[in-house]
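Here is the structure we will look at.
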There are 2 protein chains.
Amino acid sequence: MSTAPTSTTGATSPGRGLPGAGRWHGVVPGDGAASAPGATAAEQVAAVLRALALEGGLRPGEQLSEQALGAALGVSRNTLREAFRTLGEEGLVEHQPHRGVFVRLLRADDLRDLWALREVLECGALERAAAGTPPPPEAVGAVRTARRRGEEAATAGDWRTVGTANMALHAALAALAGSPRTDAAVRRLLAEVRLAFSAAPDPRAVHEPWLPANALLAELVEEGRLAEAVPVLREYLRASGRSAVASPPTA
Amino acid sequence: MSTAPTSTTGATSPGRGLPGAGRWHGVVPGDGAASAPGATAAEQVAAVLRALALEGGLRPGEQLSEQALGAALGVSRNTLREAFRTLGEEGLVEHQPHRGVFVRLLRADDLRDLWALREVLECGALERAAAGTPPPPEAVGAVRTARRRGEEAATAGDWRTVGTANMALHAALAALAGSPRTDAAVRRLLAEVRLAFSAAPDPRAVHEPWLPANALLAELVEEGRLAEAVPVLREYLRASGRSAVASPPTA
DNA sequence: GACGCTGGCATTGTTCAACAACTCGCACAA
DNA sequence: TTGTGCGAGTTGTTGAACAATGCCAGCGTC
């Protein structure tokens, strides 16, 4: 299991310890990974690291040294620790007491678990939305926007953005239920899903196949046919899960 | 540590001081809420505060002062902050930047949301358990144990423990699916549920009515009739949710 | 009297330096 | 080869200090 080549650099490697350490400096100030200006430093740091992990800037299994990262990001160890705790609850990093914080490494079992729970949560949310009062226009708009963004990015060949839009679409579908706790749970799961995809060598192969299904789902939602969207989403997730498990990210 | 005035802090605060502040001292040392000895201080603090919040030791809406609490618990502000972060992710406290952390206050909408998601998650987990391979004996044993504990506590008239066992039973039911992420999500939800119940004036009225349903569920599970347990659990949760919303905790 | 402003004050946010506690790799000895 | 102790390095925690923010009371104005 410890086949991870990155683990060897765990202790002290002045030159090669942290891959692309210097780049963090360029990421810190006013990075595109917008974090609210009013946010605290810990939240900003968490946002930066989240973006980094989700875009493949951090290798799964890699250890995040408090001292090195704190220096690179220009924050104190205490602030960095608060950010770590936030990311830990999101499932992006793993905290091992007295050992350190490691970028989460997802295995086949994790992927199965992830997709199984997604099916329960997302389909459950959509079912609730279908059973209750029609969702507000903004919620439907979010679905439409996510679909459009994904298709535009696909046209532009920006497959990583397609992946982002894809996650946004699923979040928007779940948000139709109008349940803040469902939203939070789905957000957590999708963060892990993105982490799993972040290491994919060919983003296009990962994201492109689902564009037609996304379009169908968005159209059903826009037409208010939520009940019909539920089985579509369920089949979608099952196929997607099989695909993800078949091509494990940590080949 | 012995510095427990807590009155000085409220010097300029004519409105509301910290209700029951002095009681913290009695709970801190070797409290029943056992936290693993190997755990870090931050985790121990989180465990103490969690137990306090769940047993009504902290009033919903109450502000948790870093300085006062840190002094009372004998830890530094930084450590306390880490514990706050943990509890915040569990939904037990709410962190408002530059204002402080407050014990979570659950409103009627929160209760509706909570129970709706419980239905999706718990029933979804049970359905999955029914569809897959039979759960391991330990998982079934956990259900049996939780049921027994609840009934014993009821006989003894210890209704707060009945509530705890009740939550454990629901967690055990969801755990039959064998999904770590489902377990984590359910644990989070149940923590909030316990928080909602913590302020109940009459624990018996809250917990006693569900003992028969618990027994039925446990028996179905022990006999391997998981599929039959699903609708039972669903009706259970709907009735329980109606009851909880009908008698809001912050009457 | 009601409203808006401007202070002071308490609390939170963050940093820093230091020490304690722990893990891990490595040399050494049986 | 195996076990053990040592030492370096990391994480855990503290305490103090300062900055930034929010709250509240007092004041003046309308």
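Throughout, protein chains are lettered first and strands after them, A, B, ... in sequence-line order, and every chain is numbered starting at 1. Hydrogens, waters and symmetry mates play no part in the numbers below; they use all other heavy atoms, side chains included.
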Inset, instruction - Please report, rounded to the nearest Å, how far the P atom of C/dT12 is from the CG atom of B/Leu69. - result: 10 Å
Legend entry - Gap between atoms CD and C1', on B/Glu66 and C/dA10 respectively (whole Å): 12 Å
Inset, instruction - Between D/dG22, D/dT11, C/dC22, spot the one nearest the side chain of A/Gln63, thanks. - result: D/dT11
Inset, instruction - Supply the atom-to-atom distance A/Arg194 CZ to A/Met167 CE, rounded to the nearest 0.5 angstrom. - result: 8.0 Å
Legend entry - Among D/dG12, C/dG13, D/dT11, the one nearest A/Arg81 by side-chain distance: D/dG12
Legend entry - Residue A/Arg99, side-chain atoms from C-beta onward, closest of C/dT15, C/dT23, D/dT13: C/dT23
Inset, instruction - Evaluate the side-chain proximity of A/Leu92 to A/Leu54: yes if any heavy-atom separation is below 4.5 Å, no if none is. - result: yes
Inset, instruction - For B/Gln96 and C/dT12, give me the distance from atom CD to atom P, rounded to whole Å. - result: 12 Å
Inset, instruction - Please report, rounded to the nearest Å, how far the C1' atom of C/dT14 is from the CG atom of A/Leu73. - result: 15 Å
Inset, instruction - May I have the distance from B/Glu43 (atom CD) to C/dA21 (atom P), rounded to whole angstrom? - result: 17 Å
Inset, instruction - Indicate, with a heavy-atom threshold strictly under 4.0 Å, whether B/Val75 touches base, sugar-phosphate, or nothing. - result: sugar-phosphate
Inset, instruction - State whether B/Thr79 places a side-chain N or O below 4.0 Å from either non-bridging phosphate oxygen (OP1 or OP2) of D/dT14. - result: yes
Inset, instruction - Side-chain contact test, heavy atoms from C-beta onward, threshold under 4.5 Å: evaluate it for B/Arg104 versus B/Asp110 and give yes or no. - result: yes
Inset, instruction - Taking all non-hydrogen atoms of both residues into account, name the closest pair between B/Arg160 and B/Ser198 and its distance. - result: NH1-O, 3.8 Å
Legend entry - Length of the line joining B/Gln67:CD and C/dC9:P, which is rounded to integer Å: 16 Å
Inset, instruction - Between A/Asn78 and A/Val101, just flag the one whose closest nucleotide in DNA chain D comes earlier from the 5' side. - result: A/Val101
Inset, instruction - Considering just the side-chain nitrogens and oxygens of A/His98, establish if one lies under 4.0 Å of OP1 or OP2 belonging to D/dG9. - result: no
Inset, instruction - Measure from the side-chain heavy atoms of A/Arg77 and tell me the nearest of D/dA17, C/dT15, D/dG12. - result: D/dG12
Inset, instruction - Tell me whether the OP1 or OP2 atom of D/dT10 has a side-chain N or O from A/His95 closer than 4.0 Å. - result: no
Inset, instruction - Let me know the distance between CG of A/Leu80 and C1' of C/dG13, rounded to the nearest Å. - result: 15 Å
Inset, instruction - Evaluate the criterion side chain to side chain donor-acceptor pair (under 3.5 Å) for residue pair B/Ser240 and B/Arg118; output intermediate values, then yes/no. - result: CA-CA 11 Å; B/Ser240 164; B/Arg118 281 186 73 187; 4.6 Å; no
Inset, instruction - Report the distance from atom CD of A/Glu82 to atom P of D/dT13, rounded to the nearest whole Å. - result: 14 Å
